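Both counts, for ligands and for their atoms, begin at 1 and track the order of listing. These numbers come from a predicted model, not from an experiment.
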Amino acid sequence: MSTVGDSIDVIEPATERVIAKVPSAGMEETDRAVAKAKEAFATWRDVAAGDRATVLRRIAAAVEDQAMSLARLETRNVGKPISDALGEIGVVAATFAYYAGSPERLTGKTIPVPGGVNMTFKEPMGVVGLITPWNFPLAIASWGVAPALAAGNAVVLKPAQLTPLTAIELERIALQAGLPEGVFQVLAGPGSLVGERLVDHPDVAKIGFTGSTDVGKRISARASGTIKRVTLELGGKSANIVFADADLERAAAAAPGAVFGNAGQDCCARSRILVERTAMDRFLELLSTNVAAMRVGDPMDEATEMGPLITAQHRAKVASFLDDDTTVVARGSAPDGPGFWFAPTVVTPRSTDARVVTEEIFGPVACVMPFEDEEDAIAIANDTIYGLSGSIWTENGSKALRVARAVDAGTLSVNSNWSVRIATPYGGFKQSGIGRALGPDALDYYTELKNVYIAT
Ligand code: NAD
């Protein structure tokens, strides 16, 4: 079935107004895009590595030049504060600049063996399908697009239907920067049509998916039909572990940003705040003051720290977590409508199997829980199906490292909220995903390793 003629109404979460109409692709458009990408791949893969690098560098420079207009678009489309959006567009430019350094460094090995020598090559895979979420639309897209193009692949990107605007701009920027037509295409449309067709398509070599664990499971099962390579960056329920010997003021100052950043719509949100029991009262007092002081409001205002949620439906889902199993211990403010506002909220659970403890909320709700000692903190932190990120706050360096090693998660930080750096690997353990984005390791997920033996 084709959806030619359909269009997507793009809504601004802060005003509930339609800000754009975007053509919605269906299966036929997906097939056409894949065929075009396959053709473009045949030449792009043979473009000299240095020339591929030049195009990526030009994309980085153009994104930087247009940072303010891209950031405004992202802010209006997602509702995120303009200061955050500007930071993310900076990440997009830096990601293209970083991977511009890799085409000429994608080398293999020579391995002497009896009777000859083996040589390894990192070959591009072909057509890569990227399926991305709405929370960090362009940043997450760039984490796939840049390494995939650097390695010589062609890319068809399906952004989330709610937030396609900056991806469409990136396609225009890439063409102007000299990327040959067809090497990078953006197809806005539903996951059930464009997404599933990309996953099923025999000419798509790999799917890079970022989104919920539920959809990730469906994609993983479907991809087995063509033994498709898949990387999955999925959900999280990360722990922010605060020991009594931590600098409590610093930990409590960082905690709101770690869970309410992007209005909590962050896969890395440290949404379970685990506090050593002896420090609980003091920590809660500090945290409550900081949450009350959060500036929630107009995302276009540079002073704003938190904007609205993405849709009314999502707000209703977040609100459903404030049920009989939770006690609200602190709450910030939020504007009245229009806009999908939700005040930053801190709760304590009445039981350890409350939904607020076990499920990803993806909204500005932090769940604070006590622990007794190091062993208990590790056990609670690991008591989840997820394993994306986490933080450890303590002034004891050996304890910090011991706990970081013991927590089953892909990306941890000590005395910091930090999750993502372009030069370092990022991804999840357990049901938070398969594979790694960013850093040099990401290139392994966009190349196939070939081994050639020459008898001498
Ligand atoms: P989602 O899973 O609903 O959608 C993600 C993308 O998948 C969208 O483009 C959607 O259209 C598409 N899709 C939906 N159904 C599909 C299907 N059957 N086949 C193929 N594609 C399909 O996720 P979301 O609501 O956009 O994003 C929120 C989720 O993403 C959260 O769980 C969050 O933790 C996760 N996330 C993870 C990371 C990470 O790096 N680990 C980063 C951002 C978001």
Among F362, W143, F209, closest by heavy atom to atom 33 (C) of ligand 1 is F362
Is the distance between the ring centroids of F371 and F243 under 6.0 Å?
-> yes
Does one side chain, of S413 or R270, offer a donor that lies under 3.5 Å from an acceptor on the other?
-> yes
Go through R172 and Q66 one step at a time and tell me if the side chain to side chain donor-acceptor pair (under 3.5 Å) criterion holds.
-> CA-CA 12 Å; R172 178 186 59 75; Q66 296 169 49; 3.0 Å; yes
Shortest non-hydrogen contact from I89 toward A67 = CG2-CA, 3.7 Å
Nitrogen or oxygen of E360 less than 3.5 angstrom from that of ligand 1 = yes
Residues G427 and T411: closest non-hydrogen pair is O-OG1, 3.5 Å
Just heavy atoms, cut-off under 4.0 Å: does L198 contact ligand 1 by side chain, backbone, both, or neither?
-> neither
Which atoms from ligand 1 have a heavy atom of G235 less than 4.0 Å away?
-> 32 (O), 34 (O)
Report the part of I140 (side chain from C-beta onward, or backbone N, CA, C, O) that has a heavy atom under 4.0 Å from ligand 1; answer both or neither where that applies.
-> side chain
Ring-face cation contact, F321 with R355, 6.0 Å cut, 45° max = yes
Axial cation check for Y446 ring with R45, 6.0 Å and 45° limits | no
Examine S432 against ligand 1 and note whether any of their N/O atoms are separated by less than 3.5 Å.
-> no
Distance-only polar pair, side chains of S432 and K237, donor-acceptor under 3.5 Å | no
Within reach of ligand 1, part of I219 (heavy-atom separation under 4.0 Å) = side chain
Return yes when atom NZ of K430 has more than 12 non-hydrogen atoms of other residues, nucleotides or ligands closer than 6.0 Å, and no otherwise.
-> yes
Quick one: which of T213, N262, L234, T210 has a heavy atom closest to atom 5 (C) of ligand 1?
-> T210
When you measure from atom 18 (N) of ligand 1 to every protein heavy atom, which one gives the shortest distance, and what is it?
-> E196 OE2, 3.0 Å
Are more than 12 heavy atoms from other residues, nucleotides or ligands located less than 6.0 Å from atom CZ of R105?
-> no
Passing option when Y426 is tested against Y445, W418, W143 for ring pair (Phe, Tyr, Trp, His ring centres under 6.0 Å) = W143
For atom 2 (O) of ligand 1, which candidate among A437, S212, S192 holds the nearest heavy atom?
-> S212
Go through ligand 1 atom by atom and flag the ones less than 4.0 Å from a non-hydrogen atom of Y426.
-> 39 (C), 40 (O), 41 (N)
Give the residue and atom name of whichever protein heavy atom lies nearest to atom 8 (C) of ligand 1, and the separation in Å to one decimal.
-> T132 O, 3.3 Å
Looking at ligand 1, does Q161 have a heavy atom less than 4.0 Å from it?
-> no
Under 4.0 Å from ligand 1, counting heavy atoms only, is it the side chain of R222, its backbone, both or neither?
-> neither
L388 contact mode with ligand 1 (heavy-atom cut-off under 4.0 Å) | side chain
Any idea which atoms of ligand 1 are less than 4.0 Å away from a heavy-atom of N135?
-> 43 (C), 44 (C)
Is a side-chain donor-acceptor pair under 3.5 Å present for T210 with T132?
-> no
Can you sort out which atoms of ligand 1 are near V215, meaning under 4.0 Å from one of its heavy atoms?
-> 2 (O), 13 (N), 14 (C), 15 (N), 16 (C), 17 (C), 22 (C)
Atom 12 (C) of ligand 1 sits nearest the protein heavy atom I131 CG2, 3.6 Å
Does atom CD of E181 have more than 12 heavy-atom neighbours, drawn from other residues, nucleotides or ligands, at distances under 6.0 Å?
-> no
Quick one: does atom 25 (O) of ligand 1 have a protein heavy atom under 4.0 Å from it?
-> yes
List the closest protein heavy-atom neighbour of atom 27 (O) of ligand 1: residue, atom name, distance to the nearest 0.1 Å.
-> P133 CB, 3.4 Å
Nearest non-hydrogen contact to atom 17 (C) of ligand 1 from the set C267, G211, G191 belongs to G191
Nearest protein heavy atom with distance in Å, relative to atom 11 (O) of ligand 1 = K158 NZ, 2.8 Å
Side chain, backbone, both or neither: which part of F136 has a heavy atom under 4.0 Å from ligand 1?
-> neither
Classify the side-chain pair E74/T166 by whether it contains a donor and acceptor separated by less than 3.5 Å.
-> yes
